[in-house]
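Below is one structure, written out as C-alpha cells, with a few remarks after it.
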Number of protein chains: 2
Amino acid sequence: MGIDGLRMTLVDVAREAGVSLATVDRVLNGRPGVRGPTVTRVKAAIEKLGYRPDPIASRLAHGGSFRFCFILPTGTNTFMTNLGDAVTEAASLIAGQRAFIDIRQTDVFDPDALATALEGIESHYHGVSVVALDHPRVRAAIDDLVGRGVAVATLVSDVPTSRRQWYVGIDHTAAGRTAGTLMGRFAGARSGPVGVIAGSLSLRDHVERQFGFGQVVGDEYPALRILPTRVGRDDRERTRVAAQAILAEHPDLVGIYNIGAGNQGIADALEEAGRTREVILIGHDLTVHTRRLLLLGVMDAIINQDPGHQARSAARLLLAHCTGEPIVAAQERIRIDIFLRDNLP
Amino acid sequence: MGIDGLRMTLVDVAREAGVSLATVDRVLNGRPGVRGPTVTRVKAAIEKLGYRPDPIASRLAHGGSFRFCFILPTGTNTFMTNLGDAVTEAASLIAGQRAFIDIRQTDVFDPDALATALEGIESHYHGVSVVALDHPRVRAAIDDLVGRGVAVATLVSDVPTSRRQWYVGIDHTAAGRTAGTLMGRFAGARSGPVGVIAGSLSLRDHVERQFGFGQVVGDEYPALRILPTRVGRDDRERTRVAAQAILAEHPDLVGIYNIGAGNQGIADALEEAGRTREVILIGHDLTVHTRRLLLLGVMDAIINQDPGHQARSAARLLLAHCTGEPIVAAQERIRIDIFLRDNLP
DNA sequence: CTGTTAGCGCATTCAC
DNA sequence: GTGAATGCGCTAACAG
C-alpha cells in the first residue's frame with residue numbers, strides 16, 4: 001500500500017520525450033511556444049513515467065517571495081486581538097516558505113475607511129485577506145484588487161457578491177441556528193421570553209446569526225418568545241445596559257443570546273440582578289473572558305470560530321494559490337465549534 | 001509590521017564569520033570537527049545577521065525521503081474506515097515533501113497481533129503512527145521502536161506510559177464529561193435512568209469516556225440514574241440487543257449514551273420500541289450513519305474526533321520531527337467537536 | 001519554436 | 001579542523 005518511492009525528474013521526462021528540459025518545463029507550466037505535437041509527446045511521457053513535479057525544487061529555483069497583506073479591524077475586542085495574534089503566528093508559519101504577511105488595521109464600522117485601505121494596497125502584494133464589511137464600496141475595492149490579479153480571501157466576515165476567491169470563516173446563519181438549538185434544548189420545559197443582543201445590525205454576520213437563531217427558536221421552540229434585538233456595539237458597557245433593560249422588563253426571562261462581543265457586560269448585569277443561574281447565556285467566541293464565564297457557569301455555551309485556524313487557513317490559501325500547490329478543502333473548512341465547560345481546549 | 005524580506009544565506013554567515021560554508025554548516029547542524037572559538041564566531045555571525053536556515057533548500061539538498069508506517073485496526077467500523085481514507089489523503093498531502101506513508105492493518109482487540117505488527121516494523125521506517133491499545137506487550141513494542149530511533153505517535157487511542165513522542169487524539173475523559181453535560185442539560189427537568197453502552201471495557205478510551213460521563217452525571221445531575229454499562233462490541237447487532245434490553249427494563253428511560261460504535265443498532269431498537277423522540281441518544285463520531293440519525297432527530301448530539309485532522313496531524317508531526325521544522329501546537333490539538341443538527345460540516 | 005546554461009541555498013563528499 | 005567543489009530538481013534567462 002506504499003506510494004512510489006523513486007521519483008521521476010524533469011530530466012527523465014525530457015529524455016523519454018526526446019526534448020529538452022526547457023520544453024518540458026514549458027508544457028508543464030502551460031507557457032506558450034511549443035508546437036502541438038511536441039506538447040502531446042511531452043504529456044505522454046509525463047503520463048507514462050508518472051512524473052510529479054517536485055514543489056520543493058520548484059520553490060527553490062523560482063526564488064521570489066510572496067507578500068500578503070491582512071486587513072484587520074482596529075479596536076479592543078478580544079476576539080479581534082486574538083485574531084491579530086493568530087495572523088502573526090500564521091506569518092511565522094509560512095515564513096519558512098518565503099511568504100510574508102503585513103498587517104494593517106482599519107475601523108471595521110467604517111466602510112469608507114475599509115474601502116480606502118483596500119484601494120491603497122500596493123502592487124507588490126500577491127494576496128490580501130480582509131475582515132470585510134458588506135458594502136458597495138468595499139465590494140468594488142475587492143473586485144478591483146481581484147481584477148488587478150491580487151488574490152483575495154475574506155476573513156471571518158464575507159462579501160458574498162464580490163469576486164473574492166475564498167471566504168475563510170463560518171456560516172453565520174448556521175452558527176445562529178446552533179445557538180438557537182442550544183437555547184431551546186437547555187430551556188427544556190421552561191417557557192418565556194429570550195433576549196437577543198447584537199453588536200450592530202449593519203454587520204452582515206450579526207444579522208445572519210440573528211436570523212438563524214430566530215428561525216430555529218421560532219419554528220421549533222414555541223414556548224420561547226424572542227424579544228426585539230438590542231444593540232450593544234460589541235462594547236462591555238453598552239451591552240451591560242442592554243442586558244439590564246432586558247432583565248428589568250422581563251422577570252421571567254429564560255435566556256439571552258449574545259450575537260456579538262461584550263459578554264462580560266451581560267455577566268455584570270446578570271450578577272447585579274442575582275440571576276446568573278436562572279438565565280441561560282449563550283454567546284460567541286472563546287476568549288479569556290468567555291472561558292472564565294463558562295467555567296463559572298455564568299455562560300452556558302460558547303459558539304466559537306477558531307481564530308488560529310482562520311488565520312492559518314487564509315495564509316495557506318493565499319500561498320497555495322501563488323505556488324500552485326493543491327488545496328486540502330477539508331483542512332480549510334472552518335468549524336462552528338460548540339464549547340461547554342467540559343470540552344474546552 | 002512586516003517580517004524581514006531579504007533573507008540571509010549561509011554564504012553571508014560564512015563571510016561574516018570569516019569561515020567557509022562547510023564550517024557554518026557543521027556548527028549549524030551540531031556536527032563535530034570544529035574548534036570552540038570557531039563555533040563561537042560562527043554563532044555570533046548567525047545571531048548578528050539574524051540568519052534562519054531555508055528549509056526549502058535544505059530539503060532539496062538533503063535529498064533523502066522519509067517513510068512512515070501507520071498501523072490501523074482492521075474491521076468495518078465506519079469511523080476506522082474514514083480514518084483509513086484520511087490517512088491516505090494525508091499521505092498525498094505530505095508526498096510533495098518527499099515523505100511516504102504505508103498503511104498496515106491489524107486486529108485492534110488483539111494485543112499480541114498489534115505488538116507483533118509493531119515489532120515487525122522494518123528499519124527503513126523513520127516514523128510510526130499507531131491506533132494503540134494499552135497493554136504491556138504493546139507498550140514494550142512501542143518503547144522498542146522509540147529506542148531504535150523511530151518516532152512514534154499514538155493515534156486516536158493512547159498508551160500514556162509508553163515512550164511515544166506524541167499522542168494525536170482527544171482527551172476521552174473530557175469527551176465523556178461533555179456527553180454527560182449534554183445529557184444532563186438536554187434532560188432538563190426530567191428524571192430517571194440513563195443507559196450506557198460501550199464497545200469494550202478493555203479499551204482504555206471507552207473506559208475513560210464512561211468514567212467522564214459518570215463523573216458529570218453523578219455529581220451534577222442527581223435526577224439521572226446511570227445504569228450498569230452494557231457491552232456492544234462496536235457491532236450493530238449486539239448493540240441493538242443491548243439497547244433492546246435497556247429499553248425493555250426501563251419504561252421511563254431518559255437517555256442512552258453510546259460510548260462506542262453501533263449507533264444504528266440503538267436507533268433500530270429505539271424505532272422498534274417507538275421511543276426515538278422520548279429517549280435522548282448521544283453518541284460518538286460523525287459518519288454517514290450518525291449524520292443521518294442526527295438529521296432525523298434520532299440522535300441528539302454527536303461527539304466527534306475529526307479523523308482527517310488526526311491523520312494530518314500525525315503525518316505532520318512525524319514529518320516535522322524528521323526535518324527539524326517547528327511544530328505548531330495549536331494546529332495539532334485535536335478538538336472534541338460537538339455536532340448538533342445545525343452545525344454539521 | 002526549441003535547446004543550453006547558470007544558478008536558487010544548502011548538504012556532503014573530498015582534499016588540504 | 002577547515003575549505004573547495006559538486007549536485008539536489010527545477011526555473012529563467014539566454015542562444016540558436
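Computed from a prediction, not measured in an experiment: that's the story for all the values here. Throughout, a chain's letter reflects where its sequence line sits, starting with A, and its residues are numbered from 1.
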Inset, instruction - Whole angstrom is fine here: how far is it from OH in A/Tyr51 over to P in D/dG9? - result: 10 Å
Inset, instruction - Find the distance B/Met8:CE to C/dC10:C1' and express it as a whole number of Å. - result: 16 Å
Inset, instruction - Could you tell me whether A/Gly63 contacts a base, only the sugar-phosphate backbone, or nothing, with contacts defined as non-hydrogen atoms closer than 4.0 Å? - result: nothing
Inset, instruction - Would you mind telling me which of C/dA11, D/dA12, D/dC10 lies closest to the side-chain atoms of A/Asp54? - result: D/dC10
Inset, instruction - Specify the separation, in whole Å, of atom CG of A/Leu60 and atom P of C/dC10. - result: 9 Å
Inset, instruction - Using atom CZ of A/Arg98 as one end and atom C1' of D/dT11 as the other, report the distance to the nearest whole Å. - result: 12 Å
Inset, instruction - Kindly compute the distance separating CZ (A/Arg164) from CG (A/Leu155), expressed to the nearest 0.5 Å. - result: 12.0 Å
Inset, instruction - Inspect the contact between A/Arg312 and B/Glu332 and indicate whether a charged nitrogen and a carboxylate oxygen are less than 4.0 angstrom apart. - result: no
Inset, instruction - For B/Ala57 and for B/Gly18, find the nucleotide of DNA chain D with the closest heavy atom, then tell me which residue's nucleotide is more 5'. - result: B/Gly18
Inset, instruction - Working to the nearest 0.5 Å, report the span between CZ of A/Arg98 and CD1 of B/Ile56. - result: 5.0 Å
Inset, instruction - Looking only at side-chain atoms of B/Asp25, point me to the closest of C/dA11, C/dG9, C/dC14. - result: C/dA11
Legend entry - Phosphate OP1/OP2 of D/dG3 contacted by B/Thr23 side-chain N/O (<4.0 Å): yes
Inset, instruction - Would you mind classifying the nucleic acid contact of A/Val19 as base, sugar-phosphate or nothing, using non-hydrogen atoms under 4.0 angstrom? - result: sugar-phosphate
Inset, instruction - Nearest whole angstrom, please: distance from the C1' of D/dT11 to the CG of A/Leu10. - result: 9 Å
Legend entry - Contact under 4.0 Å: A/Ser20 side-chain N or O vs C/dT4 OP1/OP2: no
Legend entry - From C/dC10, C/dT12, D/dT2, nucleotide with atom closest to B/Arg31 side chain: C/dT12
Legend entry - Nearest-angstrom distance from the residue atom CZ of A/Arg26 to C1' of C/dG3: 8 Å
Legend entry - Candidate nucleotides D/dG3, D/dC10, C/dG9, ranked by approach to the side chain of B/Ala22 - the nearest: D/dG3
Inset, instruction - Would you mind classifying the nucleic acid contact of A/Pro32 as base, sugar-phosphate or nothing, using non-hydrogen atoms under 4.0 angstrom? - result: nothing
Legend entry - Closest listed nucleotide, where the reference is the side chain of A/Ala61 and the choices are D/dG9, C/dG9, C/dT5: D/dG9
Inset, instruction - Return the value, rounded to whole Å, for the distance between atom CG of A/Leu28 and atom C1' of D/dC10. - result: 10 Å
Inset, instruction - State whether A/His62 places a side-chain N or O below 4.0 Å from either non-bridging phosphate oxygen (OP1 or OP2) of D/dA12. - result: yes
Inset, instruction - Starting at atom CG of B/Leu21, determine the distance to atom P of C/dC14, rounded to an integer number of angstrom. - result: 18 Å
Legend entry - Salt-bridge contact B/Asp143-B/Arg139 (side-chain N to carboxylate O under 4.0 Å): yes
Inset, instruction - Quick one: pull up NE2 in A/His124 and SG in A/Cys69 and give me the separation to the nearest 0.5 Å. - result: 8.0 Å
Inset, instruction - Tell me whether the OP1 or OP2 atom of C/dG9 has a side-chain N or O from B/Thr9 closer than 4.0 Å. - result: no
Inset, instruction - Working to the nearest 0.5 Å, report the span between CG of A/Asp306 and CG of A/Leu83. - result: 10.0 Å
Legend entry - Presence of B/Thr38 side-chain N/O under 4.0 Å of D/dT2 phosphate oxygens OP1/OP2: yes
